[in-house]
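Only a predicted model underlies this, so the values are computations on that prediction, with no experimental measurement involved.
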Amino acid sequence: MINMYRGKASKVTENEYLLMKMFYMEKNRNVNVEYNLVRELRFKNNKEFIVRMNQMNEDEIYIIRSYDWNGITNTSSDKISKEECKRLIKGDISWMNDTDRLIVNNLYLQILYNGVRIGEISEAMKESCVDIENEQTTTFTYGKEWSKTNFDMFFDSNAKFKYKNNNILAEVHTQVAGKEIMANLVSAYA
């Protein structure tokens, strides 16, 4: 899956979040609101890659690579199995070399040659307000809490994370159309 967007992110207070959401819902009446509990594994010394499990569903685990290029964020992902994720957590990366999945293979090379290691695990609730007409998504991420010690918590549905209500990240993503992508490519090499 490949996704390209322009985005802005900022931390907001709980009151600012409520005001932003109310304003957004009034302005955009044709909005779908989606809630998603996510757990993520983040890597030391590499911010491009994360491993994400959606809704505590062990069939929905992805290695995601995000990077900015000329003002556009490019996000790509490959699905991995629970067993592959467990092996990655334990440091067994041999399976990553024998795959035709590009993102998995890119992470393998980062681990092998650049010493990238799992650094922390987090859990957060993501509330996405999707405005299909304007191809814009506003996502509020709240309650994010980190653990740097127990990576086995990733699959433990009973693991307790402490939520911080005053730690809300507001992100606005606008999908990038093909014409804009081509214009960026041309301007980058002109």
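Hydrophobic clustering, with ILVMFWY side chains joined whenever heavy atoms are under 4.5 angstrom apart, keeps Tyr17 apart from Val38. Note on Leu112 and Leu41: same hydrophobic cluster, where clusters join Ile, Leu, Val, Met, Phe, Trp and Tyr whose side-chain heavy atoms are under 4.5 Å apart, directly or indirectly. Hydrophobic clustering, with ILVMFWY side chains joined whenever heavy atoms are under 4.5 angstrom apart, keeps Met125 apart from Ile64. Tyr62 and Leu37 are members of different hydrophobic clusters when ILVMFWY side chains are connected at heavy-atom separations under 4.5 Å. Transitive grouping of hydrophobic side chains (ILVMFWY, heavy atoms separated by less than 4.5 Å) brings Trp95 and Phe154 into a common cluster.
For the pair Arg42 and Glu120, the salt-bridge criterion is not met [side-chain N within less than 4.0 Å of a carboxylate O].
Counting only distance, with no hydrogens or angles, the side chain of Asp92 and the backbone of Ser94 share a donor-acceptor pair below 3.5 Å. Between the Asp78 side chain and the Val104 main chain, a donor and an acceptor come within less than 3.5 Å of each other. Remark: side-chain polar atoms of Lys79 are paired, donor with acceptor, to backbone N or O of Asp59 under 3.5 angstrom.
Atom CZ of Arg87 is separated from atom NZ of Lys90 by 11.5 Å, given to the nearest 0.5 angstrom. For the atom pair Tyr108 OH and Asn97 CG, the distance stands at 3.5 Å (nearest 0.5 Å). To the nearest 0.5 Å, atoms CG (Asn36) and CD (Glu60) are separated by 9.0 Å. A distance of 8.0 Å separates CD in Glu48 from OH in Tyr67, rounded to the nearest 0.5 Å. Here the straight-line distance linking atom CZ of Arg52 with atom NZ of Lys126 works out to 5.0 Å at 0.5 Å rounding. In this structure, the separation between CG on Asp98 and CG on Asn105 is 9.5 Å, given to the nearest 0.5 Å.
The side-chain heavy atoms of Arg101 and Ile80, taken from C-beta on, include a pair separated by under 4.5 Å. Between Ile111 and Arg117, some side-chain heavy-atom pair lies under the 4.5 Å cut-off. A heavy-atom distance below 4.5 Å is found between the side chains of Asn74 and Ser76.
Taking every heavy atom of both residues into account, Ile103 and Arg65 meet most closely at CG2-CB, 4.0 Å. Nearest heavy atom pair, residue Tyr35 against residue Glu127, reads OH-OE2, 3.2 Å. Nearest heavy atom pair, residue Met96 against residue Thr99, reads O-CG2, 3.1 Å. Residues Val116 and Asn45 approach most closely at CA-OD1, 3.6 Å, considering heavy atoms. Heavy atoms only, all atoms of each residue included: Ile89 and Ile118 are closest at CA-CD1, 3.7 Å. For the residue pair Asn57 and Ile61, the shortest heavy atom distance occurs at O-CG1, 4.2 Å.
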Please assess Val51 against Met53 for the test side chain to side chain contact (heavy atoms under 4.5 Å, CB included), listing each intermediate value before the final yes or no. CA-CA 7 Å; Val51 176; Met53 178 169 48; over 6 Å; no

Mind running side chain to side chain contact (heavy atoms under 4.5 Å, CB included) on Met20 and Phe140 for me, showing each step along the way? CA-CA 10 Å; Met20 286 175 71; Phe140 299 101; 4.1 Å; yes

Quick one, Asn114 with Asn46, criterion side chain to side chain contact (heavy atoms under 4.5 Å, CB included). Give me CA distance, side-chain angles, the key distance, then yes/no. CA-CA 9 Å; Asn114 294 330; Asn46 189 306; 6.0 Å; no

Cys85 vs Glu58, side chain to side chain contact (heavy atoms under 4.5 Å, CB included): CA-CA, chis, key distance, verdict: CA-CA 10 Å; Cys85 187; Glu58 295 171 356; over 6 Å; no

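A centroid separation of 6.0 Å or more is found between the aromatic rings of Phe43 and Phe49.
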